[in-house]
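First up is the structure itself, then whatever we jot down about it.
Heavy atoms only: backbone and side chains are in, while hydrogens, waters and symmetry mates are out. It should be emphasised that the depicted structure is a prediction, and the values quoted were computed from it without experimental measurement. This chain uses plain numbering: 1 for the first residue, then up along the sequence.
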Amino acid sequence: MGPLAGLRIIELDGLGPVTFAGMVLADMGAEVLRLTRGGSAPAAVFDEVGGEVLHRGRTAVPVDLKSTEDRDRVLTLIESADALIEGFRPGVMERLGLGPEVCAARNPRLVYGRVTGWGQTGPMADQVGHDINYIALSGALYPMGSGDQPPPPPLNLIGDYGGGAMVLVSGVLAALLEAKTTGRGRIVDAAMTDGSALLTSLFHALRARGLWGDQRGTNLLDGGAPFYRCYACRDGGFVAVGALEPRFYAALINGLGLTPEEAPQFDRDGWPALQARFAALFAARDRDDWATHFAGTEACVTPVLTLTEAADHPHNRARATFIKAGVVQPAPAPRFAEKPSPVSAQRLSLPLDQALKNWLA
């Protein structure tokens, strides 16, 4: 029983941000019905990508949205839903007869959450794209990486999940709060370009004060500072160094056997040479040796763990940050008590008629 217990949300199955948003809402206790493509549609890729992790916590209901019968049943579900989330390109839901106006006529308090790459409006709204394209246009991609290389793809964490799914979730929850007092729902237009741009707010603030430049790899948080970056170790592993504050930096250089005179922190002209010196020192020992060496200090040095290693780290084990429910996977977050919410490994699938019967019971 999470804080969203009692809320009913319909998720139109898809890839990327909608699937992640549906998981997060279900993790927090909402009853989420995931409407999937029917047996005649090429749905396998959706199931393979989401699997037992991203599709956890909710029931899959196959539907054919081009069928008048199925569409009418979905509208009946919508009548008693609190929110709907979808990630189709603009106009698709309208063409299917399930656009916001049609749904609002059946349920005026429905919150209609939409997430797309470019947004519902604008000259590029109808164009195709993926996470990397959206964060490229928003300015979120360019600052990443070293100045002599193209920006590396930062997985799909910034566009799909940070700027897409989590912005969608926060918008839907805000609109649900409003609907409880007004009785009227809202359309939530979550664009990954907008959301990923929002995530760059700090860097716009720094830039306005002359503290951030457009040249990659020369700034405080982009790897330009020798005390905020990753270093390779002797065994091929890596350590992450985040000694921003002077006190933490003092612990770092002390642990490396250096003095403040040898390694002044904010001599920006000397950063390249200092970075090379740090690199040589870290390369002389194994990753876990450095982790042990700096453990319990204020140097802000941690090993860079693989996905497999992260699940077995003592801190993550103590907090049950990862759980095994069918497969090893991240636990729900944030937690609303001392322990994370339980996750069932069971994946239910119901025919639409049975799902409708249960929904209306």
Side-chain angles (χ1 to χ4, degrees), residues 9-22 24-25 35 46 49 65-66 78 83-105 108 110-145 150-179 184-208 212 214 216:
I9 297 173
I10 294 173
E11 169 193 347
L12 274 295
D13 195 30
L15 297 173
V18 169
T19 307
F20 189 80
V24 169
L25 292 165
L35 304 187
F46 290 84
V49 172
L65 294 180
K66 294 182 179 179
I78 284 169
L84 175 149
I85 57 174
E86 60 96 1
F88 295 115
R89 290 169 68 183
V92 171
M93 289 292 283
E94 285 81 354
R95 289 194 294 274
L96 291 170
L98 291 169
E101 291 185 2
V102 173
C103 293
L110 181 79
V111 171
Y112 200 107
R114 323 189 79 171
V115 58
T116 57
W118 312 111
Q120 297 297 316
T121 60
M124 297 181 68
D126 291 327
Q127 293 191 22
V128 297
H130 283 293
D131 178 289
I132 195 169
N133 306 117
Y134 311 137
I135 67 174
L137 203 74
S138 71
L141 179 59
Y142 185 86
M144 298 183 190
L155 305 182
N156 64 328
L157 301 177
I158 297 173
D160 277 351
Y161 293 157
M166 298 308 287
V167 169
L168 173 66
V169 167
S170 62
V172 165
L173 294 180
L176 283 168
L177 284 174
E178 181 188 44
R184 307 293 300 181
R186 269 190 194 266
I187 300 171
V188 179
D189 175 6
M192 285 178 259
T193 45
D194 299 344
S196 58
L198 181 67
L199 295 178
T200 67
S201 297
L202 168 65
F203 310 107
H204 283 277
L206 293 173
R207 189 170 177 272
W212 192 274
D214 282 338
R216 293 195 311 279

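Looking at Met166 and Val24, their side chains come closer than 4.5 Å, going by heavy atoms from C-beta outward. No side-chain heavy atom of Glu11 sits less than 4.5 Å from a side-chain heavy atom of Glu86. At a threshold of 4.5 Å between non-hydrogen side-chain atoms, the residues Leu110 and Ile78 count as touching. At least one side-chain heavy atom of Leu137 sits less than 4.5 Å from a side-chain heavy atom of Met124. Taking 4.5 Å as the limit, every side-chain heavy atom of Pro17 sits out of range of all side-chain heavy atoms of Leu168. Between Asp160 and Phe20 there is no side-chain heavy-atom pair separated by less than 4.5 Å. Here the side chains of Ile158 and Ser138 are not in contact, with every heavy-atom distance at 4.5 Å or above. Using a 4.5 Å heavy-atom cutoff, the side chains of Val111 and Val188 are in contact.
Scanning for side chain to side chain donor-acceptor pair (under 3.5 Å) contacts around Gln127 gives an empty result, with sequence neighbours left out.
Comment: Glu94 does not engage Arg89 in a salt bridge, judged by the lack of any side-chain N to carboxylate O separation of less than 4.0 angstrom.
Across all non-hydrogen atoms, the minimal contact from Thr200 to Ala197 is OG1-O, 2.6 Å. The minimum heavy-atom distance between Leu176 and Ala83, with the atom names listed, is CD2-CB, 4.2 Å. The shortest heavy-atom contact between Arg216 and Gly145 is CB-O, 3.5 Å. Among all heavy-atom pairs drawn from Pro100 and Ile187, the shortest one is CB-CD1, 3.5 Å. Of all heavy-atom pairs spanning Ala21 and Val169, the tightest one is CB-CG2, 3.7 Å. Considering every non-hydrogen atom in both Leu141 and Pro154, the closest pair reads CD1-CD, 3.7 Å.
If you take CZ on Phe88 and CG on Leu65, they are separated by 6.0 Å, rounding to the nearest 0.5 Å. Note that CD1 of Ile9 and CG of Leu84 are 9.5 Å apart. Values are rounded to the nearest 0.5 Å. Atom-to-atom distance recorded for Thr116:OG1 and Met192:CE is 6.5 Å, nearest 0.5 angstrom. With values rounded to the nearest 0.5 angstrom, Asp126 atom CG is found 12.0 Å from Trp118 atom CH2. For the atom pair Gln120 CD and Asp189 CG, the distance stands at 5.0 Å (nearest 0.5 Å). Atoms CG and CZ, from Leu202 and Arg207 in turn, are 13.5 Å apart once rounded to the nearest 0.5 Å.
Ring geometry for Phe203 against Trp212 counts as tilted: the plane angle lies between 30° and 60°, on a 0 to 90° scale.
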Show your working on side chain to side chain contact (heavy atoms under 4.5 Å, CB included) between Val115 and Val18 and close with a plain yes or no.
CA-CA 7 Å; Val115 58; Val18 169; 3.3 Å; yes

Stepwise side chain to side chain contact (heavy atoms under 4.5 Å, CB included) test for Thr193 and Asn133
CA-CA 9 Å; Thr193 45; Asn133 306 117; over 6 Å; no

How far apart are the C-alpha atoms of Val172 and Ile85, what are their side-chain angles, what is the distance that settles it, and do they pass the side chain to side chain contact (heavy atoms under 4.5 Å, CB included) test?
CA-CA 8 Å; Val172 165; Ile85 57 174; 4.1 Å; yes

Show, in sequence, the C-alpha distance, side-chain angles and deciding distance for Ile10 and Leu35, and conclude whether the side chain to side chain contact (heavy atoms under 4.5 Å, CB included) test is met.
CA-CA 7 Å; Ile10 294 173; Leu35 304 187; 3.6 Å; yes

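The neighbour count for Arg186 CZ, taken as heavy atoms of other residues, nucleotides or ligands under 6.0 Å away, does not exceed 12.
Without hydrogens or angle criteria, Asp131 side chain to Gly159 main chain gives a donor-acceptor distance under 3.5 Å.
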